[in-house]
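For reference, the structure is listed below as structure tokens.
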Number of protein chains: 2
Amino acid sequence: MLKSSESPSAEPPSRVGRRPSTSRAELERHALRLFAERGFDEVTVEDIAAAAGIGRRTFFRYYKSKNDAVWGDFAGELRRMREVLDGCPPGMPMMDALREAVVDFNRLDAAQIPWHRLRMRLILEVPALQAHSTLMYAEWRAVVAEFAARRLGEPADALLPQVIAYACLGAAVAAYEQWLRQDGSDLAGFLDEALRALASGFGEPPRRD
Amino acid sequence: MLKSSESPSAEPPSRVGRRPSTSRAELERHALRLFAERGFDEVTVEDIAAAAGIGRRTFFRYYKSKNDAVWGDFAGELRRMREVLDGCPPGMPMMDALREAVVDFNRLDAAQIPWHRLRMRLILEVPALQAHSTLMYAEWRAVVAEFAARRLGEPADALLPQVIAYACLGAAVAAYEQWLRQDGSDLAGFLDEALRALASGFGEPPRRD
DNA sequence: ACCATAATGGCACCCGGTGCCGAAAGGAAG
DNA sequence: CTTCCTTTCGGCACCGGGTGCCATTATGGT
């Protein structure tokens with residue numbers, strides 16, 4: 001089952017039991033490819049498992065659900081964003097810090113852009129994934145809310161930190177939607193613009209600096 | 001199957017074929033009651049159908065999914081909100097109009113409060129419903145985005161109207177979460193506060209008036 | 001060779017959701 | 001009352017995501 005030509009990620013230390021047949025990343029590649037070819041709803045978990053040469057049951061040991069197979073290492077990315085926020089100078093205005101963290105969180109090297117576009121197109125356009133995203137974003141919001149709460153001296157579950165977290169998420173999603181509408185457009189620019197709008201508020205007058 | 005003692009809603013004109021065995025409202029009451037008693041995930045569609053005295057298959061003629069059974073006449077409420085926004089004076093500042101519309105949209109008479117609390121507790125706390133809500137809220141956002149776009153003279157799918165729509169939704173949801181945390185608290189007050197925060201922006205200085 | 005450990009994957013099962021189709025219930029016309 | 005038309009009902013078979021169970025397989029350590 002494990003083709004010798006594709007050791008999942010070079011086994012460094014000695015291990016104890018049977019080695020995994022594949023890896024999350026490998027599985028995700030197969031999944032994304034199939035979704036791109038046929039559409040999310042037209043691909044079954046069995047299809048993905050077969051493409052990866054594993055059993056259907058085993059797929060669910062790598063990903064809790066079909067939906068999850070699209071999200072890559074979101075938990076890891078999230079950890080990075082938390083660290084960026086933790087390590088930002090205490091003097092920096094809250095919204096500047098959040099804006100920079102979000103822009104940084106979504107920085108990609110050119111090679112990954114096509115994959116990331118595909119991933120995000122699925123998440124934002126396929127209803128099942130759109131719905132599921134809410135559950136994924138919950139942790140993202142928690143990170144933002146905790147940061148905002150610290151800055152405001154309020155508990156993280158108070159109204160204002162929660163509003164800020166929801167609003168930042170919304171701004172980021174809206175920016176992503178713009179980015180998807182035109183190939184080669186500037187994601188960081190949209191994110192920056194959306195979050196600046198949040199910082200200055202939607203009330204009149206719009207304060208032209 | 002149709003108990004004579006519960007005519008679904010008084011058949012006014014003459015109809016042609018067989019009359020419905022029940023109504024969406026009736027079905028929703030059964031569903032909410034069961035969800036409250038046993039929890040959303042522990043109630044099957046078959047349970048709800050049985051409680052209402054209809055077949056499982058028939059349930060899906062009244063509601064497209066188990067999730068939908070919780071949302072009452074959301075489409076109708078949405079229509080009302082659109083009308084409120086359409087009929088608001090053109091001179092009123094955009095965020096004032098949105099704030100009043102949202103507060104009005106969520107006004108309840110005392111009798112419905114317990115049901116609405118239950119409904120919203122389910123929507124905001126049960127993962128399956130939390131995820132599904134995103135799809136429901138999409139139309140709500142569209143209403144807000146169209147209004148904002150009209151006021152800003154931009155297309156509804158431009159960045160700023162979309163950010164405003166996402167942010168308003170987030171503010172409303174955050175307000176609801178606060179409301180659920182304490183029995184008898186003031187929903188309208190939370191909504192008002194959250195949307196005012198959006199209007200004035202999160203940037204420093206927070207402008208104390 | 002033997003054992004502990006960890007991954008695999010088949011199997012049976014649950015549940016939400018759908019297509020199909022005949023049956024039931026009602027009104028209108030003869 | 002019988003016939004026809006219309007609409008709802010609901011059983012049945014099926015699909016696909018997801019889970020619990022458990023024997024099997026691969027691997028390192030003794």
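Convention: sequence-line order gives letters A, B, ...; per-chain numbering from 1.
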> How close or far is atom C1' of D:dG18 from atom CG of A:D68, stated in whole angstroms?
Replying inline: 12 Å
Please list, one pair per line, the donor and acceptor atoms closer than 3.5 Å that link side chains of residues 183-192 of chain A to other protein atoms, with sequence neighbours excluded.
{"unit_1": "A:S185", "atom_1": "OG", "unit_2": "A:W179", "atom_2": "O", "d": "3.1"}
{"unit_1": "A:S185", "atom_1": "OG", "unit_2": "A:Q182", "atom_2": "O", "d": "2.8"}
{"unit_1": "A:D186", "atom_1": "OD1", "unit_2": "A:A188", "atom_2": "N", "d": "3.3"}
{"unit_1": "A:D186", "atom_1": "OD1", "unit_2": "A:G189", "atom_2": "N", "d": "3.3"}
{"unit_1": "A:D186", "atom_1": "OD2", "unit_2": "A:G189", "atom_2": "N", "d": "3.2"}
{"unit_1": "A:D192", "atom_1": "OD1", "unit_2": "A:R99", "atom_2": "NH1", "d": "3.4"}
{"unit_1": "A:D192", "atom_1": "OD2", "unit_2": "A:R196", "atom_2": "NE", "d": "2.7"}

>> Give me each pair satisfying salt bridge (Lys or Arg N to Asp or Glu O under 4.0 Å) with a member in residues 161-175 of chain A, each pair once, sequence neighbours excluded.
In response: none
Which pairs would a plain distance check flag for residues 106-115 of chain A, meaning a side-chain donor or acceptor within less than 3.5 Å of a matching protein atom at least two apart in sequence or in another chain?
{"unit_1": "A:N106", "atom_1": "OD1", "unit_2": "A:Y176", "atom_2": "OH", "d": "2.6"}
{"unit_1": "A:N106", "atom_1": "ND2", "unit_2": "A:V102", "atom_2": "O", "d": "2.9"}

> Between the side chain of A:R119 and the main-chain N/O of A:L122, is any donor-acceptor distance below 3.5 Å?
Replying inline: no
> How would you list, by chain and number, every residue that makes a ring-ring contact (aromatic ring centres under 6.0 Å, His included) with B:Y63, sequence neighbours excluded?
Replying inline: none
Please produce a list of atom pairs where a protein N or O lies less than 3.5 Å from an N or O of nucleotides 4-6 of chain D.
none

> Expressed in angstrom and rounded to an integer, what is the separation of B:Y62 atom OH from C:dG17 atom C1'?
Replying inline: 18 Å
Return a table of donor-acceptor pairs under 3.5 angstrom between the side chains of residues 53-60 of chain A and protein atoms on other chains or two or more places apart.
none

> Can you tell me how far C1' of C:dG16 sits from CZ of B:R61, to the nearest Å?
Replying inline: 16 Å
>> Looking only at the side chain of A:R19 (C-beta and beyond, no hydrogens), which of the listed nucleotides C:dG9, D:dT27, D:dT8 gets closest?
In response: D:dT27
Any N/O pairs under 3.5 Å between the protein and nucleotides 13-17 of chain D? List them or say none.
{"unit_1": "D:dG17", "atom_1": "OP1", "unit_2": "A:K66", "atom_2": "NZ", "d": "3.1"}
{"unit_1": "D:dG17", "atom_1": "OP2", "unit_2": "A:V45", "atom_2": "N", "d": "3.2"}

>> Between P on C:dT8 and CD on A:E26, what's the gap in Å once rounded to a whole number?
In response: 13 Å
>> Is there a side-chain contact between B:S21 and the phosphate of D:dT8, meaning an N or O under 4.0 Å from OP1 or OP2?
In response: no
> For A:I54 and D:dA26, what is the distance between atoms CD1 and C1' respectively, to the nearest whole Å?
Replying inline: 16 Å
>> Going by the rule side-chain hydrogen bond (donor to acceptor under 3.5 Å, both in side chains), which residues pair with B:D73 if we only count those two or more places apart in sequence or in a different chain?
In response: none
> salt bridge (charged side-chain N to carboxylate O under 4.0 Å, His left out) with B:E42: which residues, sequence neighbours excluded?
Replying inline: none
> Contact class for A:Y63 (heavy atom, under 4.0 Å): base, sugar-phosphate, or nothing?
Replying inline: nothing
> What parts of residues 118-132 of chain A reach DNA chain D, counting only heavy atoms under 4.0 Å away?
Replying inline: none
> OP1 or OP2 of D:dT27 less than 4.0 angstrom from a side-chain nitrogen or oxygen of A:R15, does that happen here?
Replying inline: no
> Got a sec, which residues hit salt bridge (charged side-chain N to carboxylate O under 4.0 Å, His left out) with A:R151, two or more places apart in sequence or on another chain?
Replying inline: none
>> Checking B:D47 now: which residues fulfil side-chain hydrogen bond (donor to acceptor under 3.5 Å, both in side chains) with it, not counting sequence neighbours?
In response: B:R38, B:T44
>> Check this for me: does any side-chain nitrogen of one of B:R80 and B:E83 sit under 4.0 Å from a carboxylate oxygen of the other?
In response: no
